[in-house]
Amino acid sequence: MTENGDATPLVQLENVNKHFGALHVLKNINLTVSRGEVLVVIGPSGGGKSTLCRAINRLETIDDGKIIFDGQVLPAEGKALARLRSEVGMVFQSFNLFAHKTIRENVTLGPTKVRGVAKDAAGKRAMELLERVGIAAQADKYPAQLSGGQQQRVAIARALAMDPKMILFDEPTSALDPEMVQEVLDVMVGLARDGMTMMVVTHEMGFARRAAHRVVFMADGQIVEENTPDEFFTNAQTDRARDFLSKILTH
Amino acid sequence: MEDLIRYAPDLALGFLENIKLSIVGAITSLILGTVLVAMRVSPTPVLRAAGTIYVNVVRNTPLTLVLAFSALGLSDQLGLVFSSVPSVNSFWIVAMGLSAYTAAFVCEALRSGINTVPLGQAEAARAIGLTFMQSLRMIILPQAFRAVIAPLGSVMIAMIKNTTVAVAGGYAFDSANKMKEAFDQVGASIPIFLGIVVAFMCVTLPIGYFTGWLAKRLAVVR
Ligand SMILES: Nc1ncnc2c1ncn2[C@@H]1O[C@H](COP(=O)(O)OP(=O)(O)O)[C@@H](O)[C@H]1O
Ligand SMILES: [Mg+2]
(Lines give C-alpha, C1' and ligand atoms only; values in the text may rest on other atoms or scores of the structure.)
(Ligands and ions follow the chains in the order given, each with its own letter.)
Protein backbone atom coordinates (compact mmCIF):
# COMPACT_ATOMS: atom_id res chain seq x y z
CA MET A 1 0.00 0.00 0.00
CA THR A 2 2.92 2.30 0.52
CA GLU A 3 5.02 1.37 -2.48
CA ASN A 4 6.48 4.85 -2.64
CA GLY A 5 7.91 4.35 0.82
CA ASP A 6 6.04 7.27 2.37
CA ALA A 7 4.34 5.84 5.41
CA THR A 8 2.44 8.94 6.54
CA PRO A 9 -1.24 8.66 5.68
CA LEU A 10 -2.51 10.82 2.84
CA VAL A 11 -5.69 11.77 4.68
CA GLN A 12 -6.25 11.93 8.41
CA LEU A 13 -9.52 12.90 10.05
CA GLU A 14 -9.35 13.56 13.77
CA ASN A 15 -12.51 13.97 15.84
CA VAL A 16 -14.37 15.60 12.99
CA ASN A 17 -17.84 16.93 13.75
CA LYS A 18 -20.34 18.53 11.42
CA HIS A 19 -23.89 19.75 11.91
CA PHE A 20 -26.53 20.86 9.46
CA GLY A 21 -28.55 23.02 11.81
CA ALA A 22 -29.68 20.71 14.58
CA LEU A 23 -28.73 17.59 12.61
CA HIS A 24 -25.43 16.06 13.71
CA VAL A 25 -24.21 14.52 10.41
CA LEU A 26 -20.60 13.69 11.26
CA LYS A 27 -20.10 12.47 14.81
CA ASN A 28 -16.55 12.48 15.99
CA ILE A 29 -15.13 10.85 12.89
CA ASN A 30 -11.62 9.40 13.04
CA LEU A 31 -10.33 7.95 9.81
CA THR A 32 -7.11 7.65 7.88
CA VAL A 33 -6.54 6.86 4.24
CA SER A 34 -3.09 5.59 3.32
CA ARG A 35 -1.31 6.39 0.09
CA GLY A 36 -2.39 3.97 -2.60
CA GLU A 37 -5.27 2.71 -0.54
CA VAL A 38 -8.72 2.08 -1.97
CA LEU A 39 -11.34 2.71 0.68
CA VAL A 40 -14.98 1.89 0.15
CA VAL A 41 -17.55 3.72 2.26
CA ILE A 42 -20.88 1.99 2.51
CA GLY A 43 -23.99 2.57 4.56
CA PRO A 44 -27.64 3.63 4.58
CA SER A 45 -28.81 6.78 2.87
CA GLY A 46 -28.55 9.88 5.01
CA GLY A 47 -25.72 8.40 7.06
CA GLY A 48 -23.28 11.18 6.18
CA LYS A 49 -21.20 9.47 3.48
CA SER A 50 -21.45 12.33 0.99
CA THR A 51 -20.74 14.87 3.68
CA LEU A 52 -17.64 12.93 4.71
CA CYS A 53 -16.39 12.88 1.11
CA ARG A 54 -17.13 16.53 0.55
CA ALA A 55 -15.43 17.53 3.79
CA ILE A 56 -12.14 16.13 2.50
CA ASN A 57 -11.93 18.71 -0.31
CA ARG A 58 -13.81 21.23 1.78
CA LEU A 59 -16.91 21.45 -0.35
CA GLU A 60 -18.39 21.21 3.15
CA THR A 61 -16.80 22.93 6.11
CA ILE A 62 -16.54 21.13 9.42
CA ASP A 63 -17.49 22.44 12.86
CA ASP A 64 -14.58 21.01 14.78
CA GLY A 65 -11.84 18.45 14.62
CA LYS A 66 -9.06 18.31 12.11
CA ILE A 67 -8.62 17.13 8.54
CA ILE A 68 -5.05 16.71 7.42
CA PHE A 69 -4.27 16.12 3.77
CA ASP A 70 -0.76 15.18 2.74
CA GLY A 71 0.64 16.47 6.00
CA GLN A 72 -1.22 19.78 6.03
CA VAL A 73 -4.39 20.93 7.70
CA LEU A 74 -6.97 21.83 5.04
CA PRO A 75 -6.67 25.50 4.16
CA ALA A 76 -9.80 27.50 4.93
CA GLU A 77 -10.09 29.56 1.77
CA GLY A 78 -8.52 31.38 -1.13
CA LYS A 79 -5.66 30.24 -3.34
CA ALA A 80 -4.40 27.63 -0.89
CA LEU A 81 -7.80 25.95 -0.80
CA ALA A 82 -8.05 26.03 -4.60
CA ARG A 83 -4.62 24.38 -4.77
CA LEU A 84 -5.66 21.67 -2.33
CA ARG A 85 -8.79 20.98 -4.36
CA SER A 86 -6.75 20.67 -7.52
CA GLU A 87 -4.88 17.82 -5.81
CA VAL A 88 -8.02 15.97 -4.79
CA GLY A 89 -10.14 14.73 -7.67
CA MET A 90 -13.87 14.41 -7.22
CA VAL A 91 -16.37 12.37 -9.17
CA PHE A 92 -20.01 13.13 -8.46
CA GLN A 93 -23.11 10.98 -8.67
CA SER A 94 -24.57 13.39 -11.23
CA PHE A 95 -21.34 13.71 -13.31
CA ASN A 96 -21.48 17.53 -13.33
CA LEU A 97 -19.60 17.88 -16.60
CA PHE A 98 -19.46 21.52 -17.73
CA ALA A 99 -22.54 21.61 -19.94
CA HIS A 100 -21.40 24.40 -22.26
CA LYS A 101 -17.99 22.90 -22.97
CA THR A 102 -16.98 20.01 -25.19
CA ILE A 103 -15.68 16.77 -23.73
CA ARG A 104 -12.12 17.76 -24.61
CA GLU A 105 -12.56 21.20 -23.03
CA ASN A 106 -13.97 19.61 -19.89
CA VAL A 107 -10.73 17.70 -19.52
CA THR A 108 -8.32 20.51 -20.48
CA LEU A 109 -9.93 23.32 -18.48
CA GLY A 110 -8.36 22.42 -15.13
CA PRO A 111 -4.83 21.83 -16.38
CA THR A 112 -4.77 25.03 -18.46
CA LYS A 113 -6.53 27.40 -16.06
CA VAL A 114 -5.42 26.02 -12.71
CA ARG A 115 -2.00 24.60 -13.53
CA GLY A 116 -1.03 26.85 -16.42
CA VAL A 117 -0.28 23.91 -18.72
CA ALA A 118 0.05 24.94 -22.38
CA LYS A 119 -3.03 24.32 -24.52
CA ASP A 120 -1.30 21.85 -26.86
CA ALA A 121 0.15 19.76 -24.07
CA ALA A 122 -3.15 19.76 -22.18
CA GLY A 123 -5.01 18.77 -25.34
CA LYS A 124 -2.64 15.90 -26.00
CA ARG A 125 -2.91 14.66 -22.43
CA ALA A 126 -6.70 14.98 -22.57
CA MET A 127 -6.81 12.72 -25.62
CA GLU A 128 -4.63 10.14 -23.87
CA LEU A 129 -6.92 10.16 -20.86
CA LEU A 130 -10.06 10.01 -22.99
CA GLU A 131 -8.46 7.09 -24.82
CA ARG A 132 -7.84 5.41 -21.49
CA VAL A 133 -11.50 5.72 -20.46
CA GLY A 134 -12.67 4.81 -23.97
CA ILE A 135 -14.26 8.11 -25.02
CA ALA A 136 -11.65 9.53 -27.40
CA ALA A 137 -14.03 9.33 -30.36
CA GLN A 138 -16.48 11.69 -28.64
CA ALA A 139 -13.95 14.40 -27.75
CA ASP A 140 -15.70 17.15 -29.71
CA LYS A 141 -19.21 16.40 -28.51
CA TYR A 142 -21.02 18.10 -25.66
CA PRO A 143 -21.86 16.28 -22.42
CA ALA A 144 -25.59 16.09 -23.17
CA GLN A 145 -24.81 14.09 -26.32
CA LEU A 146 -23.22 11.28 -24.30
CA SER A 147 -24.79 8.48 -22.29
CA GLY A 148 -24.56 8.60 -18.50
CA GLY A 149 -21.85 5.96 -18.42
CA GLN A 150 -19.81 7.87 -20.98
CA GLN A 151 -20.27 11.14 -19.08
CA GLN A 152 -19.09 9.55 -15.87
CA ARG A 153 -16.00 8.19 -17.59
CA VAL A 154 -15.28 11.69 -18.89
CA ALA A 155 -15.69 12.99 -15.34
CA ILE A 156 -13.04 10.49 -14.26
CA ALA A 157 -10.75 11.67 -17.07
CA ARG A 158 -11.35 15.27 -15.98
CA ALA A 159 -10.28 14.37 -12.45
CA LEU A 160 -7.24 12.44 -13.68
CA ALA A 161 -6.11 15.36 -15.84
CA MET A 162 -5.16 17.23 -12.67
CA ASP A 163 -2.81 14.40 -11.62
CA PRO A 164 -4.56 14.27 -8.25
CA LYS A 165 -3.04 12.63 -5.22
CA MET A 166 -6.41 11.10 -4.51
CA ILE A 167 -9.85 10.81 -6.07
CA LEU A 168 -13.12 10.93 -4.14
CA PHE A 169 -16.06 9.10 -5.71
CA ASP A 170 -19.52 9.87 -4.35
CA GLU A 171 -21.85 7.11 -5.57
CA PRO A 172 -20.42 7.28 -9.09
CA THR A 173 -22.74 4.62 -10.51
CA SER A 174 -25.97 5.34 -8.63
CA ALA A 175 -27.42 7.59 -11.34
CA LEU A 176 -26.60 5.16 -14.15
CA ASP A 177 -28.79 2.75 -16.03
CA PRO A 178 -27.79 -0.78 -14.96
CA GLU A 179 -26.14 -1.63 -18.27
CA MET A 180 -23.72 1.27 -17.87
CA VAL A 181 -22.57 0.56 -14.35
CA GLN A 182 -19.91 -1.95 -15.35
CA GLU A 183 -18.11 0.29 -17.84
CA VAL A 184 -17.57 2.87 -15.12
CA LEU A 185 -16.57 0.32 -12.49
CA ASP A 186 -14.06 -1.20 -14.92
CA VAL A 187 -12.34 2.17 -15.28
CA MET A 188 -12.28 2.53 -11.50
CA VAL A 189 -10.83 -0.92 -11.00
CA GLY A 190 -8.13 0.02 -13.51
CA LEU A 191 -7.27 3.10 -11.47
CA ALA A 192 -7.14 1.06 -8.29
CA ARG A 193 -4.75 -1.41 -9.96
CA ASP A 194 -2.55 1.50 -11.00
CA GLY A 195 -2.20 2.54 -7.37
CA MET A 196 -4.47 5.57 -7.23
CA THR A 197 -5.60 6.51 -3.74
CA MET A 198 -9.37 6.34 -3.80
CA MET A 199 -12.24 6.88 -1.42
CA VAL A 200 -15.38 5.46 -2.97
CA VAL A 201 -18.89 5.78 -1.64
CA THR A 202 -20.71 2.91 -3.32
CA HIS A 203 -22.99 -0.02 -2.74
CA GLU A 204 -21.35 -2.00 -5.53
CA MET A 205 -20.15 -5.02 -3.64
CA GLY A 206 -18.46 -6.43 -6.72
CA PHE A 207 -16.25 -3.38 -6.94
CA ALA A 208 -15.48 -3.47 -3.22
CA ARG A 209 -14.43 -7.10 -3.42
CA ARG A 210 -12.37 -6.66 -6.56
CA ALA A 211 -10.62 -3.40 -5.76
CA ALA A 212 -11.00 -2.21 -2.18
CA HIS A 213 -8.44 -2.70 0.55
CA ARG A 214 -10.83 -1.70 3.28
CA VAL A 215 -14.55 -1.15 3.78
CA VAL A 216 -15.92 1.44 6.18
CA PHE A 217 -19.54 1.11 7.22
CA MET A 218 -21.13 4.40 8.12
CA ALA A 219 -24.54 5.04 9.67
CA ASP A 220 -26.09 7.96 11.54
CA GLY A 221 -22.97 10.05 11.16
CA GLN A 222 -20.70 7.47 12.73
CA ILE A 223 -18.20 4.94 11.51
CA VAL A 224 -19.80 1.81 12.85
CA GLU A 225 -17.44 -0.79 11.51
CA GLU A 226 -14.40 -1.17 9.30
CA ASN A 227 -12.88 -4.27 7.87
CA THR A 228 -11.49 -5.95 4.78
CA PRO A 229 -14.11 -6.40 2.05
CA ASP A 230 -14.24 -10.17 2.42
CA GLU A 231 -14.60 -10.05 6.18
CA PHE A 232 -17.15 -7.28 6.03
CA PHE A 233 -19.42 -8.88 3.47
CA THR A 234 -19.27 -12.40 4.85
CA ASN A 235 -18.85 -11.74 8.53
CA ALA A 236 -20.07 -8.31 9.56
CA GLN A 237 -19.58 -7.66 13.25
CA THR A 238 -22.42 -5.28 14.09
CA ASP A 239 -26.18 -5.77 13.86
CA ARG A 240 -26.44 -2.47 12.08
CA ALA A 241 -24.13 -3.62 9.29
CA ARG A 242 -25.70 -7.09 9.03
CA ASP A 243 -29.14 -5.52 8.80
CA PHE A 244 -27.97 -3.14 6.09
CA LEU A 245 -26.25 -5.89 4.12
CA SER A 246 -29.33 -8.11 4.25
CA LYS A 247 -31.26 -5.26 2.62
CA ILE A 248 -28.85 -4.59 -0.22
CA LEU A 249 -28.24 -8.29 -0.82
CA THR A 250 -31.90 -8.94 -1.54
CA HIS A 251 -31.78 -6.52 -4.50
CA MET B 1 -47.03 64.74 -44.08
CA GLU B 2 -45.10 67.78 -45.25
CA ASP B 3 -44.36 68.49 -41.60
CA LEU B 4 -42.61 65.16 -41.41
CA ILE B 5 -40.69 65.87 -44.61
CA ARG B 6 -39.71 69.34 -43.42
CA TYR B 7 -38.48 68.15 -40.06
CA ALA B 8 -37.14 64.77 -41.21
CA PRO B 9 -33.45 65.74 -41.38
CA ASP B 10 -33.57 67.25 -37.92
CA LEU B 11 -35.51 64.32 -36.49
CA ALA B 12 -33.13 61.89 -38.14
CA LEU B 13 -30.19 63.61 -36.49
CA GLY B 14 -32.07 63.37 -33.20
CA PHE B 15 -32.73 59.69 -33.76
CA LEU B 16 -29.03 59.20 -34.38
CA GLU B 17 -28.47 60.56 -30.86
CA ASN B 18 -30.91 57.94 -29.52
CA ILE B 19 -28.87 55.29 -31.29
CA LYS B 20 -25.58 56.64 -29.96
CA LEU B 21 -26.96 56.70 -26.42
CA SER B 22 -28.26 53.15 -26.94
CA ILE B 23 -24.89 51.84 -28.08
CA VAL B 24 -23.00 53.36 -25.16
CA GLY B 25 -25.81 52.30 -22.82
CA ALA B 26 -25.79 48.70 -24.04
CA ILE B 27 -22.05 48.24 -23.67
CA THR B 28 -21.72 49.99 -20.33
CA SER B 29 -24.83 48.50 -18.75
CA LEU B 30 -23.85 44.96 -19.75
CA ILE B 31 -20.42 45.41 -18.20
CA LEU B 32 -21.72 47.12 -15.07
CA GLY B 33 -24.59 44.63 -14.75
CA THR B 34 -22.10 41.77 -14.89
CA VAL B 35 -19.98 43.37 -12.19
CA LEU B 36 -23.11 43.88 -10.07
CA VAL B 37 -24.21 40.28 -10.39
CA ALA B 38 -20.72 39.10 -9.50
CA MET B 39 -21.04 41.21 -6.35
CA ARG B 40 -24.50 39.85 -5.59
CA VAL B 41 -23.36 36.22 -5.70
CA SER B 42 -19.90 36.75 -4.21
CA PRO B 43 -18.89 35.04 -0.97
CA THR B 44 -18.00 38.43 0.56
CA PRO B 45 -20.93 39.80 2.60
CA VAL B 46 -19.95 43.46 2.09
CA LEU B 47 -19.92 43.12 -1.69
CA ARG B 48 -23.19 41.20 -1.63
CA ALA B 49 -24.84 43.89 0.48
CA ALA B 50 -23.51 46.71 -1.70
CA GLY B 51 -24.79 44.99 -4.84
CA THR B 52 -28.20 44.35 -3.32
CA ILE B 53 -28.61 47.93 -2.10
CA TYR B 54 -27.52 49.37 -5.45
CA VAL B 55 -29.93 47.22 -7.43
CA ASN B 56 -32.88 47.84 -5.14
CA VAL B 57 -32.36 51.58 -4.97
CA VAL B 58 -31.67 52.16 -8.65
CA ARG B 59 -34.26 49.74 -9.97
CA ASN B 60 -37.00 51.37 -7.93
CA THR B 61 -36.13 54.97 -8.78
CA PRO B 62 -37.82 56.51 -11.85
CA LEU B 63 -35.33 56.90 -14.69
CA THR B 64 -36.08 60.61 -15.03
CA LEU B 65 -34.94 61.08 -11.43
CA VAL B 66 -31.82 58.98 -11.99
CA LEU B 67 -30.94 61.18 -14.97
CA ALA B 68 -31.74 64.39 -13.11
CA PHE B 69 -29.57 63.17 -10.25
CA SER B 70 -26.73 62.38 -12.68
CA ALA B 71 -26.91 65.88 -14.11
CA LEU B 72 -27.57 67.90 -10.96
CA GLY B 73 -26.00 65.77 -8.28
CA LEU B 74 -23.01 64.22 -9.96
CA SER B 75 -22.17 66.75 -12.62
CA ASP B 76 -23.10 70.08 -11.06
CA GLN B 77 -22.57 69.36 -7.36
CA LEU B 78 -19.78 66.80 -7.35
CA GLY B 79 -18.09 68.19 -10.42
CA LEU B 80 -18.08 65.02 -12.52
CA VAL B 81 -17.24 66.44 -15.94
CA PHE B 82 -16.78 64.34 -19.06
CA SER B 83 -16.12 67.21 -21.42
CA SER B 84 -15.84 71.00 -21.42
CA VAL B 85 -18.31 71.17 -24.29
CA PRO B 86 -21.72 71.29 -22.54
CA SER B 87 -23.60 69.22 -25.13
CA VAL B 88 -20.91 66.52 -25.14
CA ASN B 89 -20.80 66.54 -21.37
CA SER B 90 -24.54 66.11 -21.03
CA PHE B 91 -24.49 63.32 -23.61
CA TRP B 92 -22.13 61.36 -21.39
CA ILE B 93 -24.00 62.30 -18.22
CA VAL B 94 -27.17 60.85 -19.73
CA ALA B 95 -25.37 57.83 -21.17
CA MET B 96 -23.89 57.03 -17.75
CA GLY B 97 -27.16 57.62 -15.91
CA LEU B 98 -28.97 55.40 -18.38
CA SER B 99 -26.27 52.71 -18.03
CA ALA B 100 -26.33 52.86 -14.25
CA TYR B 101 -30.10 52.45 -14.35
CA THR B 102 -30.16 49.68 -16.96
CA ALA B 103 -27.33 47.81 -15.22
CA ALA B 104 -29.66 47.05 -12.31
CA PHE B 105 -32.02 45.27 -14.71
CA VAL B 106 -29.15 43.50 -16.47
CA CYS B 107 -27.95 42.32 -13.07
CA GLU B 108 -31.32 40.89 -12.14
CA ALA B 109 -31.73 39.17 -15.51
CA LEU B 110 -28.29 37.59 -15.11
CA ARG B 111 -29.06 36.56 -11.57
CA SER B 112 -32.13 34.66 -12.72
CA GLY B 113 -29.82 33.09 -15.32
CA ILE B 114 -27.41 32.01 -12.61
CA ASN B 115 -30.31 30.35 -10.83
CA THR B 116 -30.83 28.11 -13.85
CA VAL B 117 -27.26 26.76 -13.60
CA PRO B 118 -27.26 23.60 -11.47
CA LEU B 119 -25.26 23.82 -8.24
CA GLY B 120 -23.19 20.85 -9.40
CA GLN B 121 -21.56 23.00 -12.10
CA ALA B 122 -20.05 25.32 -9.50
CA GLU B 123 -19.08 22.39 -7.28
CA ALA B 124 -17.30 20.63 -10.12
CA ALA B 125 -15.51 23.89 -10.93
CA ARG B 126 -14.38 24.32 -7.34
CA ALA B 127 -13.42 20.66 -7.14
CA ILE B 128 -10.84 20.99 -9.94
CA GLY B 129 -9.33 23.99 -8.18
CA LEU B 130 -10.89 26.97 -9.94
CA THR B 131 -11.20 30.01 -7.71
CA PHE B 132 -14.56 31.68 -7.19
CA MET B 133 -13.86 34.31 -9.83
CA GLN B 134 -12.61 31.72 -12.33
CA SER B 135 -15.63 29.53 -11.85
CA LEU B 136 -17.95 32.53 -12.20
CA ARG B 137 -16.18 33.70 -15.35
CA MET B 138 -15.63 30.37 -17.08
CA ILE B 139 -18.46 28.17 -15.89
CA ILE B 140 -21.36 30.02 -14.29
CA LEU B 141 -21.73 33.30 -16.21
CA PRO B 142 -21.34 31.81 -19.70
CA GLN B 143 -24.20 29.43 -18.94
CA ALA B 144 -26.23 32.15 -17.19
CA PHE B 145 -25.86 34.53 -20.16
CA ARG B 146 -27.09 31.92 -22.58
CA ALA B 147 -30.10 31.23 -20.40
CA VAL B 148 -31.20 34.88 -20.39
CA ILE B 149 -30.40 36.14 -23.88
CA ALA B 150 -34.09 36.74 -24.60
CA PRO B 151 -34.78 38.62 -21.33
CA LEU B 152 -31.58 40.63 -21.87
CA GLY B 153 -32.97 41.52 -25.30
CA SER B 154 -36.06 42.91 -23.57
CA VAL B 155 -33.89 44.90 -21.18
CA MET B 156 -31.99 46.34 -24.15
CA ILE B 157 -35.23 47.22 -25.97
CA ALA B 158 -36.50 49.02 -22.88
CA MET B 159 -33.18 50.82 -22.62
CA ILE B 160 -33.35 51.98 -26.26
CA LYS B 161 -36.82 53.40 -25.70
CA ASN B 162 -35.64 54.99 -22.47
CA THR B 163 -33.14 57.13 -24.40
CA THR B 164 -36.15 59.33 -25.22
CA VAL B 165 -36.11 60.84 -21.72
CA ALA B 166 -32.56 62.10 -22.22
CA VAL B 167 -33.78 65.64 -21.73
CA ALA B 168 -34.38 64.83 -18.06
CA GLY B 169 -30.60 64.66 -17.77
CA GLY B 170 -30.13 67.89 -19.70
CA TYR B 171 -29.46 66.39 -23.13
CA ALA B 172 -31.87 68.09 -25.53
CA PHE B 173 -30.79 66.69 -28.89
CA ASP B 174 -32.56 63.34 -29.12
CA SER B 175 -35.51 62.64 -31.43
CA ALA B 176 -38.18 62.88 -28.72
CA ASN B 177 -37.06 66.35 -27.76
CA LYS B 178 -36.76 67.34 -31.43
CA MET B 179 -40.30 66.11 -31.88
CA LYS B 180 -41.48 68.27 -29.01
CA GLU B 181 -39.70 71.26 -30.52
CA ALA B 182 -41.34 70.60 -33.87
CA PHE B 183 -44.75 70.31 -32.21
CA ASP B 184 -44.13 73.65 -30.51
CA GLN B 185 -43.67 75.16 -33.98
CA VAL B 186 -46.34 73.46 -36.10
CA GLY B 187 -48.61 71.81 -33.55
CA ALA B 188 -48.97 68.10 -32.93
CA SER B 189 -48.34 66.18 -36.12
CA ILE B 190 -49.38 62.56 -36.39
CA PRO B 191 -46.96 61.84 -39.28
CA ILE B 192 -44.00 63.09 -37.25
CA PHE B 193 -45.16 61.07 -34.29
CA LEU B 194 -45.57 57.91 -36.38
CA GLY B 195 -42.29 58.52 -38.15
CA ILE B 196 -40.43 58.35 -34.87
CA VAL B 197 -42.38 55.32 -33.71
CA VAL B 198 -41.51 53.51 -36.92
CA ALA B 199 -37.85 54.47 -36.59
CA PHE B 200 -37.70 52.94 -33.12
CA MET B 201 -39.52 49.82 -34.24
CA CYS B 202 -37.02 49.41 -37.07
CA VAL B 203 -34.37 49.00 -34.39
CA THR B 204 -36.19 47.26 -31.58
CA LEU B 205 -38.18 44.66 -33.51
CA PRO B 206 -35.08 43.11 -35.11
CA ILE B 207 -33.37 43.05 -31.71
CA GLY B 208 -36.32 41.13 -30.31
CA TYR B 209 -36.25 38.61 -33.14
CA PHE B 210 -32.49 38.31 -33.15
CA THR B 211 -32.17 37.70 -29.41
CA GLY B 212 -35.01 35.17 -29.58
CA TRP B 213 -33.19 33.33 -32.36
CA LEU B 214 -29.84 33.54 -30.59
CA ALA B 215 -31.37 32.25 -27.35
CA LYS B 216 -32.51 29.09 -29.14
CA ARG B 217 -29.23 28.66 -30.96
CA LEU B 218 -27.02 29.06 -27.91
CA ALA B 219 -29.23 27.26 -25.39
CA VAL B 220 -27.17 24.97 -23.16
CA VAL B 221 -28.44 21.42 -23.49
CA ARG B 222 -28.39 19.50 -20.21
N1 LIG C 1 -26.68 21.04 2.58
C2 LIG C 1 -27.40 20.40 3.51
N3 LIG C 1 -28.23 21.06 4.34
C4 LIG C 1 -28.93 20.42 5.29
N5 LIG C 1 -28.89 19.10 5.49
C6 LIG C 1 -28.11 18.36 4.70
C7 LIG C 1 -27.33 18.97 3.67
N8 LIG C 1 -26.63 18.00 3.04
C9 LIG C 1 -26.97 16.85 3.64
N10 LIG C 1 -27.85 17.05 4.63
C11 LIG C 1 -28.40 16.02 5.53
O12 LIG C 1 -27.31 15.42 6.19
C13 LIG C 1 -27.53 14.03 6.33
C14 LIG C 1 -26.37 13.29 5.72
O15 LIG C 1 -26.38 13.49 4.35
P16 LIG C 1 -25.37 12.82 3.35
O17 LIG C 1 -24.00 13.11 3.79
O18 LIG C 1 -25.76 13.26 2.00
O19 LIG C 1 -25.67 11.26 3.56
P20 LIG C 1 -25.41 10.05 2.57
O21 LIG C 1 -24.50 10.49 1.50
O22 LIG C 1 -24.84 8.99 3.45
O23 LIG C 1 -26.75 9.63 2.03
C24 LIG C 1 -28.87 13.73 5.68
O25 LIG C 1 -29.85 13.67 6.68
C26 LIG C 1 -29.10 14.92 4.79
O27 LIG C 1 -30.47 15.18 4.65
MG1 LIG D 1 -24.84 10.61 -0.58
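Keep in mind that what you see is a predicted model, and the values were worked out from it rather than measured. Within every chain, numbering begins at 1; the chains are lettered A, B, ... in the order of the sequence lines, protein sequences first and strands thereafter.
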Legend entry - Option in B/T131, B/L119, B/L130 with maximal non-hydrogen atom pairs under 4.5 Å from chain A: B/L130

Engaged part of [X] at the chain B interface, taking heavy atoms whose separation is under 4.5 Å:
X     : answer
A/R54 : side chain
A/F98 : both
A/L81 : neither

Legend entry - CD on B/Q77 to CZ on B/F69, rounded to 0.5 Å: 9.5 Å

Inset, instruction - Using a strict 4.0 Å threshold on nitrogen-to-oxygen distance, state whether B/E108 and B/R40 make a salt bridge. - result: yes

Inset, instruction - Check for a donor-acceptor pair, side chain of B/S42 on one end and backbone N or O of B/T44 on the other, with a separation under 3.5 Å. - result: yes

Inset, instruction - Keeping the roles fixed (side chain from A/H100, backbone from B/M138), state whether a donor-acceptor pair exists under 3.5 Å. - result: yes

Inset, instruction - Measure B/V220 against the heavy atoms of chain A and call it side chain, backbone, both or neither at under 4.5 Å. - result: side chain

Legend entry - Residue part contacting chain A, namely of B/Q121, when any heavy atom lies under 4.5 Å: both

Inset, instruction - Establish, yes or no, whether the cationic atom of B/K20 lies under 6.0 Å from the six-membered ring centre of B/F91 and within 45° of the ring axis. - result: yes

Inset, instruction - Would you check if there is a donor-acceptor pair between the side chains of A/D64 and A/N17 at a distance under 3.5 Å? - result: yes

Legend entry - Closest-packed option against chain B by number of heavy-atom pairs under 4.5 Å, given A/V91, A/V88, A/L97: A/L97

